[in-house]
Each structure stands twice: as structure tokens, then as C-alpha cells.
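Keep in mind that the numbers below use all heavy atoms, side chains included, and drop hydrogens, waters and symmetry copies. By convention in this document, chain letters (A, B, ...) are assigned in the order of the sequence lines, proteins followed by strands, and residues within each chain are numbered from 1.
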There are 2 protein chains.
Amino acid sequence: MEGISSEAASLAGHLNLSKLIYLYDDNHISIDGDTDMAFTENRTARFEAYGWHVQQIQDGNDIEAVDEAINLAKADSRPSLIAIRTQIGYGLPTKAGTSSAHGEPPGEEELEGAKEKLGWPHQPRFLVPDDVKEHFETSLDKGDQLESQWKSDLNDYRDAYPDLATELDRRINRKLPDGWEKNLPNFEPDMKGMATRKASGATINAIAGVLPELFGGSADLAPSNKTWIDGTPSFQADTPEGRNFHFGVREHAMQGIVNGIAVHGGLIPYGGTFLVFSDYLRPSLRLAALSGYASITVFTHDSIGLGEDGPTHQPVEHLASLRAIPNLVTIRPGDANEVAYAWKVAIERRHGPTIFALSRQNIRIVDRQDYAPASNLEKGAYVLKDFGVDEPEIILMASGSEVALIVGAGERLAEEGANVRLVSFPSWELFEAQDQTYKESVFPPHIRKRLAVEAGVSQGWMKYTGAEGDMISVEKFGVSAPYQVIFEEYGFTIDNVYRHARKLIEA
Amino acid sequence: MEGISSEAASLAGHLNLSKLIYLYDDNHISIDGDTDMAFTENRTARFEAYGWHVQQIQDGNDIEAVDEAINLAKADSRPSLIAIRTQIGYGLPTKAGTSSAHGEPPGEEELEGAKEKLGWPHQPRFLVPDDVKEHFETSLDKGDQLESQWKSDLNDYRDAYPDLATELDRRINRKLPDGWEKNLPNFEPDMKGMATRKASGATINAIAGVLPELFGGSADLAPSNKTWIDGTPSFQADTPEGRNFHFGVREHAMQGIVNGIAVHGGLIPYGGTFLVFSDYLRPSLRLAALSGYASITVFTHDSIGLGEDGPTHQPVEHLASLRAIPNLVTIRPGDANEVAYAWKVAIERRHGPTIFALSRQNIRIVDRQDYAPASNLEKGAYVLKDFGVDEPEIILMASGSEVALIVGAGERLAEEGANVRLVSFPSWELFEAQDQTYKESVFPPHIRKRLAVEAGVSQGWMKYTGAEGDMISVEKFGVSAPYQVIFEEYGFTIDNVYRHARKLIEA
């Protein structure tokens, strides 16, 4: 876990985050024993190298010294590290200064011994002396005063700047401006199509005006992730009004920072990187899901379809592994218009994280006059089109760039007179949130010929294809080649989808 | 990605890895543009803080200076950083020193311009001047000499120390000692049982004598992960004979280091941490799978069954997300004796990584006189027991700590006269590697009443339960409580397994 703290500390130094004060409990003990077994770097020098203000205190029980150091830290314009030498389990007769004081309860004997040693009454078991209680109680008055002052200041502000105050209230209360969604872009039908990452960039810029709280960036991949907000500078120490955050090559810290901003409120933050690098930030994404943080992460280059960068950069197992995280909403939009509604879902989802998986390559933009509206994305899966006049004999389903493949195959089957249902399936979690009636309207239980197409591992798809269905998936790592070559080699062509569907129909 | 490099650099300094020389191509450019946008720390001071030998070169084209610095680095007893100021795309007329030189091909015009500027012939397109060719060819002779010398030294060594030379050959050729597996421990039946992490610790120590190449440790959780090899010290700069590696709180670097040792050969390396922290090291685990490295990772505290540490520490989605990675073998042994064979699989698997998911809590050790031998673990899933005289009417399957639950439920159903098959299912990947005949012998297609029990998300299990089967799983995050309380609350009791099985039988 050291990695993320190093990344964050470097960035905090770069941005001069002067409000940040670390109290480093330097007790020389880790779970394995003395920290000297693995951790002998010069920690204070490292933080100085990050551009931090660094202080050291030799005795953690010297309260005056700690207090003075905190005051100096507050006064400094840099983030501060206060390294405080302490003894873990202070007072425990035999466990003080040992790793067992970290991982184990001290037990009665040690506890009694510590009280003895520190001249503390044995009874009552939990004692708060009156003067301590009184001292703490002064914070109630102090808090009341600070709150009154804040409210009074805010009222003054409200009088002087009514519009800004309304906006501040809106942001603090995490409300969206009325009708903001009218700014979502509409993309014209296009056979050549558009990369969904590009549609995401266009969507960000279409809504950035009406949502001044939208704020984010990329882990050094802004030109690839299309995360840049035009007309506003980079967020830096001397340009805090900037809405574009340069996270550097620090994916893990990025997600932690996005989480932190989401918890703080006032802004709607997003991060961005390649989908394969979701592995780097997974622990913080999990925390967002567990804690209900409204973090948004834009993952682009979402399959073997990214092409030449090869298997190290080609996500194969990532959609499955992200869908496995409870309370995380994963959306892989099927075309540019679905991207706009994916952003709508993410912006409106205030109780948990949302991620997008977006393509590097162009994807056909289907004609929404012929096909169902893209707003159906909000239901997770929807009937994009029913070909034929009778009840469907087969259901073709896909997410992301593979939606264009089932559309192409469906068109061909329809020409041959087949009754075919096409289901665009951008999000399992959004679909699972629908009621049973809706679910069965999309996947009628008696229609068992079902084919799923997704350029990733099949894990979990059987829930929707059923045991009698079929799937075109990727069960091994990718290869380096132009994406058309890889897609052909791995079976992601209209021809191959058509053949699999034909086989199912005729079975 | 900065995180892992920080972790690794700190450890390299601690261990005085003097052979390590980083040439830092300090070109001031990242994909987003100038590194000053996000990366202004004092890099050389940071590496000095790690205990590295640091040099700076102002002009990367000064070959003599680079050569001299490398020689100084070789002579120093510390790892070395040589920070070399360069210009990216040197010579390109307009792209030199810009981020487009990083991410895009230069194109014909830039290429011609660079040749012009550097006084290089335009034709042939790829030119290796004769004197350069001659210079490089001297390395052939040099290599021959070095190889001859090495072979001659090795022969002398073989004459002087025939036994040690045989051992060296064995290790270099990644052969295991004959009969090494006879040292695998056998655990006596025990209703109270044993934590599988404890069985793993016992197995490590049972085979460490016959496998002197076994070498590993934990990311500061050795007492919890039970990864310590007795009778050998910690691996440190002054005790390189030690076989216990203290990785510190650096999970990501740990997996990278284990990968590196596995590629180098001569040792069989393993790492260890909590299963939930597999997220921290996932990128390096993926690389091991992609590259075919024989890395072993011991993950303990493998479900909500870890108890009081709560949801941050309770893996729920991790088995699914690890099983999604191609070429990774995930094993979750059902009792102590399966643990011994899990280690056998990992030790013998030399073309890809293997991980274990082990319990914190005790698990009943079944009596292998009554139940099938634990050696069946090597097949991934096996019939642990058929209760009743007729063909099974239901199959109960489970992995890890939940095997004891299906055993308990199976015993009760058997008392009531039911015909029940119990399948221990420690590894999907090992099972998928079996032939169809074996697979159908475990899961006969016509037996469709199937119940899976695993304390994790259900994703992917339908492949084995079928659409008509049932599963007891965990589809949300855990809670903090003693493990018996959580298991009761989440339905992981013999009673609940019995009830689900009864319902299926009677359906």
C-alpha cells in the first residue's frame, strides 16, 4: 500500500496542498516486527524531495511540541509531514514497543500493568477524569460559535451575492441544475461511426457549461482518454480555477483523489485511463463502491480492439472483474448516443461509483429512427430492434463495439426472413435494477436461442444466454496487430456472428 | 504506475542491490505534455533518500559521460540512479522535445528533416555504417570468450564440488528433486479442524528441507499469512542466505519481485498477503499470467469468514475477479489435506502463476478413509463422497471453507435416505484442463439438481450449477462481526445448505 501514498504525496507537493498535515506515528513497528527489517529509507528526506514542509519530534508524549509543530505546519504554504517518534503500546509492561501491540488485544494483565505503571486508577475500568471531560466540553461551545459565525457569514454572502449563494447551496446539496440533461449531445447516424471515447469527450464538453462542478482529468492520457474540458486551464497551484486535473502517471492516487473530491462535495469529479489500467486503481474503486462515493472513471481502449499496443494493453478479463464488484455500475455503451446517456446515468448516480468502458476504434452510430432510442441505456439492456413480423426465434445481445456486429448480422438474417431480436446490453447492474416484468420483456424466458457477443471473457454471461445459448468471447490474452486483423482472428466479425446465429436458429 | 516503482526502489535501497542501475531518461516529456504539469518533485533527492547512489548527466548525447557514470555505478555498493537529461525525438525538426514524439510515428517529413539536420545520408532508408557494424561484431568474440570462460569455470567447479554442481544444474534446469512430494504433510481427521492458512504454513515447512530453492515471504503479514520458513533467517543485505523475504507494506512490488525471481530461475519464489489485497498487486499478477511466470502467491483471510476486520478486509468479489484472468490458476482448498496438494500443483506448475485462497478460520479436516483422497485436488473438482446406494438425485458443490458445510448437510440428507453427491471444487482452471469424460463423470449432464456454496459473488458458477441449479453466495459487501455471526447472517450454515438442498430435491 506504500505505492499510493507515494503517488499522492508527490502530487500534494506539486500542488502545494498547504492544508494537508500528516502526523507520522513513527513507532518503528510493523506487523512483522521492527520496521528496520524492510523500511530503512530516509522518510523525512523523501518528503522534503516531494516539496513538503518536514518537522521531527523526538518524543510523541511531548504534547506541547506536537501542538507547536501543528501550528507551524498550518502556517506553512506547503503540505506538512510531522514525524513523531512514539512507542507503540506505551505503558504496557511487556508488549510496549513490540509488534504484538499492533495486532493483538493487550489482555487483562498487560492492561492492569499499564495502569499501575502510569499511576492510573484500576477502577473504574473506563475512566474519564472530570478535568478531561470539562476540557473536551469546551469544544461544544467553540463549535457552536464557529457554526454561528459561519451561518452569519453565509447570510451576509447571500445578501451580497444572491446568485452565487444559490449556486453554492445547489452544489453543497448535490442538486443538479434543472434541465441540465437537455445539453446532452445527439449524434447523427453514421456507418463509418465514431469511437465512443470521442463521443465521451464531446459529451463532457457539451455538459461542462451547464455543470460548472464537472471537474476531472486523466493519468497522463488526456489526449487518448478525451477527458479534456475546453476553455478552462489545467488545475495547478497558481490556477485553482482550472477544471482539468493532470494526475500524472498515478492511476491509483487518481482514483483516491477522485473519491476524496466526491466525498467532499461541491464538484462532480472524474478520472481517466486505459481500461487495462483499471487494475492499478482497483483498490480505490472498491472503496468507492463500499463507501458509496459518486466517483466517475472514464476507461478507454476497452478491448483487443485497441490494436497494435498488444496484450499488455488489451483488457480481456477487466469487464468481468469490474462487474464482480458490488455497488459499482459498469457501462459499456454501444454507440455515441449511448455514451451521452451513460454520462447522464453517472452524473445522476450520487450513491456509488460509475465507470465507462469506451472504444479506441470507430463504432457505427445506428439510426435511432430505425432503432430504439439511446435513452434506454438507463435500463441497462433494451430491445434495440426486432426484425421480422413474428415472435423472435433468436436473441442476439452485445455490449460496446460488438453491438455494431449484432446489428450487421441481424440485418443479414432479416434479409433472409428470420425473426431476430437485437439487445444492446451496456450494463448488467442497471439491468438487474429493473423489475422482473421489464427483464422478461427483454428476455422472454421461453426464447432460449440466445447469442451473446462481447470481446472479453464470457464469465457470468450465461446468466443471460442461458445454458442452451452460445457466446462469442475472448478466453485468452490478445495479440498485437491492427484491430481489424485481431477482430477477424478472434471471431468478431459480422460474418462470424451471422454463422453462430444461423447455427443456433437451425439447431 | 509510479507507486510500484517507489515501493521497489525503497526496497532496493534497503537491500543494497548494487547490481541495479537505472538509466533515467529525463526528457521532461510525458504523454500529456511537459512533466512540470504534474511531476515537480526532486527525483534525485528522492532516490538519495532511498539510499541509492545518484548521478546526473546534463547531456544525454555525451556518450563518454554516460559510460563513465555506468562504470561508477558498477563500482558502488548501492543501487544506482543515473539521471540523464535528454531531448525526446532528438533531431526531428518540429517534434523534437514535444509529447507528440512520444505517442505518434514521426512521419516521412520529420524523418527526412532529422537526417538532414544530423548530416545523415537520406538513402538507404536504414543505414548501419561499416565501422558501427564492425564495432558491434566485436561483441560476438567477447561473448564467445565469456561463455568459454564460464563453461571452463563451471567444469572446474564440477570437479571440485560434484554434488553442488549437480544441485546447480538441477536448479538452473528447473527440475525438482526425485520424490520431493513424499515430504508433503498428511493431516489427521479433525472435526474442530485447522485453518487452511495454518496447513499452508505446515506444508511450506514440510517441503522446505527437500526444496532448498523454496524462498518467499509476505508483505508485512508473515504471522497472519503463515509464510515463514523455520530455521533460516530473514533475507537481508548481510544475510543473503536467508529464505524469508520481508517485502514490507508493498504488495505490488512484492508480486513484481516474485515474478522477477521466477523468471531468473534457481529459486521457487512465493509472496503472501490477505486475499482482499490481491487488488493491490493485480497488475503484476496479470503480467505473470500473460508472460507465463511460475509465481506463487499465498492469499489468506479469504472471505467474510475472516470476521471482525470487516468489509474493507473481507474479499467478496476477488475469487471471481482472479478466475477471470487467463492462465492464472486459482486454488481454494477445502481442508488441510487439500492444501498440501495445492502446494504440489503450484510447485510443479512451471509455465504460469498459481495462487491460493486460504481461510483464517478453522475448517474441519475430513476423514480421507471415508472421503475421496485429497490428491484429487489436482483435477480441480472431484467427487468427495456419494451418499446413498442409488444414482445421486442432487449434487452439492463448494470450495474452501464451504466444503465443510456441504459435508455436514450431505451427512444429514444421507441420514434421511437421500442420494447425494458431494463435490469439492477447489479450482475452476484445473477442472477445465480435464477431459470431457472426467468432467461428465463428476457432473453427469442429466443430474440437473445442483447446489453451489461459496462465500463470494456467484458470477460464473452457473456454468457448473446449470440454469436449473441454485447457489448460496454473497452478492454484497461483508460486515464486521465474529465469523460465526456473519456466516449465520449470510446463510453459510449447514442448516441453510440443508434447506436449499431439500428444496431442490423436492422441486
Heavy-atom pairs under 4.5 Å with chain A: which of B:Arg43, B:Glu475, B:Gln236 has the most? B:Gln236
Can you tell which part of A:Glu251 gets under 4.5 Å to a heavy atom of chain B, answering side chain, backbone, both or neither? both
Contacting moiety of B:Ala289, where chain A heavy atoms sit under 4.5 Å: both
Where do B:Ser321 and A:Arg282 land on the side chain to side chain contact (heavy atoms under 4.5 Å, CB included) test, with the steps shown first? CA-CA 11 Å; B:Ser321 73; A:Arg282 196 171 162 85; 3.2 Å; yes
The interface call for A:Thr312 against chain B, heavy-atom contacts under 4.5 Å, is both
Checking heavy atoms, do the side chain of B:Arg286, its backbone, both or neither come under 4.5 Å from chain A? both
One pair to check against side chain to side chain contact (heavy atoms under 4.5 Å, CB included): B:Gln459 and A:Trp428. What are the steps and the verdict? CA-CA 12 Å; B:Gln459 186 177 301; A:Trp428 290 5; 4.2 Å; yes
If one checks every heavy atom of B:Ser284 against chain A at 4.5 Å, the contacting part turns out to be neither
What option among B:Ala467, B:Pro223, B:Gly248 has the most heavy-atom pairs under 4.5 Å with chain A? B:Pro223
Is there a side-chain contact between B:Glu41 and A:Glu48 (heavy atoms, below 4.5 Å)? no
Is A:Arg323 close to chain B through its backbone or its side chain, or both, or neither, when contacts mean heavy atoms under 4.5 Å? both
Bottom line for B:Val474: the part with an atom under 4.5 Å from chain A's heavy atoms is neither
From B:Asp34 atom CG to A:His246 atom NE2, the distance as rounded to the nearest 0.5 Å: 10.0 Å
Please classify the contact between B:Ser234 and chain A as side chain, backbone, both or neither, with a heavy-atom cut-off of under 4.5 Å. neither
Side chain, backbone, both or neither: which part of B:Glu432 has a heavy atom under 4.5 Å from chain A? neither
Check the pair A:Asp32 / B:Phe247 against side chain to side chain contact (heavy atoms under 4.5 Å, CB included), numbers first and verdict last. CA-CA 10 Å; A:Asp32 275 8; B:Phe247 293 98; over 6 Å; no
Examine whether an atom of A:Phe235 lies under 4.5 Å from a heavy atom of chain B, and if so say whether it belongs to the side chain, the backbone or both; otherwise answer neither. neither
A:His252 ring center near B:Tyr280 ring center (under 6.0 Å): yes
Is there side-chain contact between A:Glu2 and B:Ser6, with heavy atoms separated by less than 4.5 Å? no
Most contact-rich option vs chain A, by heavy-atom pairs under 4.5 angstrom, among B:Asp220, B:Thr40, B:Leu287, B:Asn42, is B:Asp220
What part of B:Val249 gets within 4.5 angstrom of chain A, counting heavy atoms only: side chain, backbone, both, or neither? both
Chain A heavy atoms under 4.5 Å from B:Phe47: which part of the residue, side chain, backbone, both or neither? neither
What is the distance from atom CG of B:Asn327 to atom CD of A:Glu317, rounded to the nearest 0.5 Å? 11.5 Å
What's the separation between atom CG in A:Leu221 and atom CD1 in B:Ile31, rounded to the nearest 0.5 Å? 4.5 Å
With only heavy atoms counted, which part of A:Ser30 is less than 4.5 Å from chain B, the side chain, the backbone, both or neither? both
Which atoms of A:His14 approach chain B - backbone, side chain, both or neither, heavy atom under 4.5 Å: both
To the nearest 0.5 Å, atom CD1 of B:Ile4 lies from atom CD1 of A:Ile4 at 14.5 Å
